[in-house]
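Just below is one structure, and these are the notes that go with it.
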Amino acid sequence: MNAPLRKSRPYIFWGQTQSLCETCLKLVPTKIQILDNEVWYEKRCREHGVQSTLVSTDAAYWRLCKDFIKPGDRPLQFQQRTEFGCPYDCGLCSDHEQHSCLALIEITEHCNLTCPVCFAESSPARTKFTPLATVEKMLDALVASEGEPDLVQISGGEPTLHPDFFAILEAVRARPIRHVMINTNGLRIAREKDFVARLAENRRGLEVYLQFDSMQRDALIDLRGADLRKIRQQALENLEHYGVSTTLVATIKRGVNDAEIGDIVRHALTWTCVRGVTLQPVQDAGRNDNFDGKTDRIMLSEIRKRVIETGVFGDKDMIPLPCNPESISIGYGLRNGEKVLPLTSLIPQEQLVAVMPNTISPEKYPVLREKFVDLFSLSSGPLNTSERVCELLCCLPSFQVPDGLSYENVFRVTIVQFLDRFNFCVGNVKRSCIHFVTEQGSIIPFDTYNLFYRDGKIDGIRAELAGETYREAKQREEMPR
């Protein structure tokens, strides 16, 4: 027998999706390949050829994410009809699979920094402030979609510079919105204690989302264009003094600050006002000066590994978030000073397996499963976490809930990976639960907003799909529906 031997492919063909050509941003057919312990997209663009892109360095965790997918929650109403298909009908359209767990309201393009990695391209040169009346309409659009929105993040630009900042905060309070976050670079918080005192007067259901990328000068210059070490220190001292709940948020760029992830997590635990850390791989969007996709990209899987190396949370503790598991990983723990007891370690393994979606016998522990999924959901809102922790622990007969458990006893680490031209996946973006609310009342996923909608690029794309000129497309958009 001299028949030639067939050769195996060097990868496992896991499935197919649609991603973006990294040159022209058109949707292209994409193979999902598993090679050793890595996940790759192989994209095929008719114009620009084949592109192979690494999307995960941990195939085992990537596969685990599939077991955490749960049915999405529909918004009360949609703002956009489905015409061209995902991702060209954002608004939200009826084809989107998830409501707004977290909604961003941008109230200004003005900023007191010009950060090289700013996805909004804000700067001191931009002077637009959204009028209070317009912000109220944006909030009303969100309430119409959500009923009782869980979490609104006031953003920009630098939102604390808005002349009507506290009036906007009052407008949020006047609506059935459970929690509000202030997305800030911390300059005003560091320099004006009276401003922080006013924030403290509104601290119920309020949290400061404080930019905190590094404790090293060179990394801060690369990411923010300024040495902000003293500013960060003073901001945290003021927030600590007034007891304002705070999350430290770091944009992570390979070779710049990824080696500091453990230091940032441990530093967060030295402040009693800090409730957790959010780590975001740099998204290739906005200004993103001198970004090199081959050297600067870092994946959720790599950041998760760095978090595990801290010893604060282990491999079994940093789990996929059920509402968007491939894009968000989260770990919750009970905090005692600088020590953290991970919550997932409190649940016996057989019970933990039982409560996961898509397992053999989830009905065995239905109440525990419900409480577990409620806790590990971005839509639960960060500031009711202690209540949900208590509810979860009460389902465990082997664990006694500590007296007086409050939000101050909870510590979380969240990794949020937004999609860009490299890792875009239509399936993933349909599950996006972090959305922008526009001045026109549209609600658009973070990922697609920064890729297509912020700069109006979508108008040309939709015109091309419709076979129209750009002018004809604009006229059609302005026609009453």
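Only heavy atoms go into these numbers, but all of them, side chains included; no hydrogens, no water, no symmetry mates. In what follows, residues are counted from 1 in the order of the sequence shown. Predicted model, so just to flag it, every value in this text is computed and none were measured.
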Check the pair Glu439 / Thr134 against side-chain hydrogen bond (donor to acceptor under 3.5 Å, both in side chains), numbers first and verdict last.
CA-CA 7 Å; Glu439 293 186 9; Thr134 303; 5.3 Å; no
The complete set of salt bridge (Lys or Arg N to Asp or Glu O under 4.0 Å) pairs with one or both residues in residues 158-175, sequence neighbours excluded, reads Asp140-Arg175
If you measure only the distance, is there a donor-acceptor pair under 3.5 Å linking the side chains of Arg412 and Thr247?
yes
Can you list the residues that meet the side-chain hydrogen bond (donor to acceptor under 3.5 Å, both in side chains) rule with Asp263, with sequence neighbours excluded?
Arg266
Any donor-acceptor pair under 3.5 Å from Arg188 side chain to Thr160 backbone
yes
For residues 209-220, which residue pairs qualify under salt bridge (Lys or Arg N to Asp or Glu O under 4.0 Å), counting only residues two or more places apart or in two chains?
Asp213-Arg224
The reported gap from CG in Asn112 to CG in Leu187 (rounded to nearest 0.5 angstrom) is 4.5 Å
Would Leu199 and Ile189 count as a side chain to side chain contact (heavy atoms under 4.5 Å, CB included) here? Give the steps.
CA-CA 9 Å; Leu199 281 180; Ile189 287 174; 4.3 Å; yes
Heavy-atom closest pair (Ser122 atom, Cys111 atom, distance to 0.1 Å) is CB-CB, 3.9 Å
State, with a plain yes or no, whether a side-chain heavy atom of Cys273 is found less than 4.5 Å away from one of Val244.
no
So among Asp317, Val277, Leu269, which one has a side chain to side chain contact (heavy atoms under 4.5 Å, CB included) with Val312?
Leu269
With side chains defined as the heavy atoms from C-beta onward, is the minimum distance between His179 and Glu207 less than 4.5 Å?
no
Are Gln283 and Asn450 linked by a side-chain donor-acceptor pair shorter than 3.5 Å?
yes
Measuring only between side-chain heavy atoms, which start at C-beta, is His96 closer than 4.5 Å to Ile443?
no
Are any side-chain N or O atoms of Asn37 and backbone N or O atoms of Ala59, one a donor and one an acceptor, separated by less than 3.5 Å?
yes
Check: Gly255 main-chain N/O paired with Asp258 side-chain donor or acceptor under 3.5 Å:
yes
Considering all heavy atoms of both residues, which atom of Leu113 and which atom of Pro124 are nearest to each other, and what is their separation?
O-CD, 3.6 Å
Side-chain (Asn183) to main-chain (Ser155) donor-acceptor, under 3.5 angstrom
no
In terms of relative ring orientation, are Phe212 and His267 parallel, tilted or perpendicular, with 30° and 60° separating the classes?
parallel
Heavy atoms only: give me the nearest Ala190-Gln234 pair and the separation to one decimal.
O-CG, 3.1 Å
So ring pair (Phe, Tyr, Trp, His ring centres under 6.0 Å) across residues 231-263, not counting sequence neighbours, yields none
Under 4.5 Å between any side-chain heavy atoms of Ser329 and Tyr61, yes or no?
yes
Should Phe129 and Phe165 count as side-chain neighbours, where that means a heavy-atom distance under 4.5 Å?
no
Contact between Val117 and Phe291 at the side-chain level, heavy atoms closer than 4.5 Å - yes or no?
no
Does any pair with a residue in residues 298-321 pass ring pair (Phe, Tyr, Trp, His ring centres under 6.0 Å), and if so which ones, sequence neighbours excluded?
none
Arg454 to Phe436 six-membered ring, cation-pi geometry met (6.0 Å, 45°):
yes
Thr108 vs His110 side-chain heavy atoms within contact, under 4.5 Å
yes
Stepwise, does the side chain to side chain contact (heavy atoms under 4.5 Å, CB included) test hold for Ile182 with Tyr209?
CA-CA 6 Å; Ile182 312 302; Tyr209 203 59; over 6 Å; no
Salt bridge (Lys or Arg N to Asp or Glu O under 4.0 Å): which pairs involve residues 418-427, sequence neighbours left out?
Asp284-Arg421
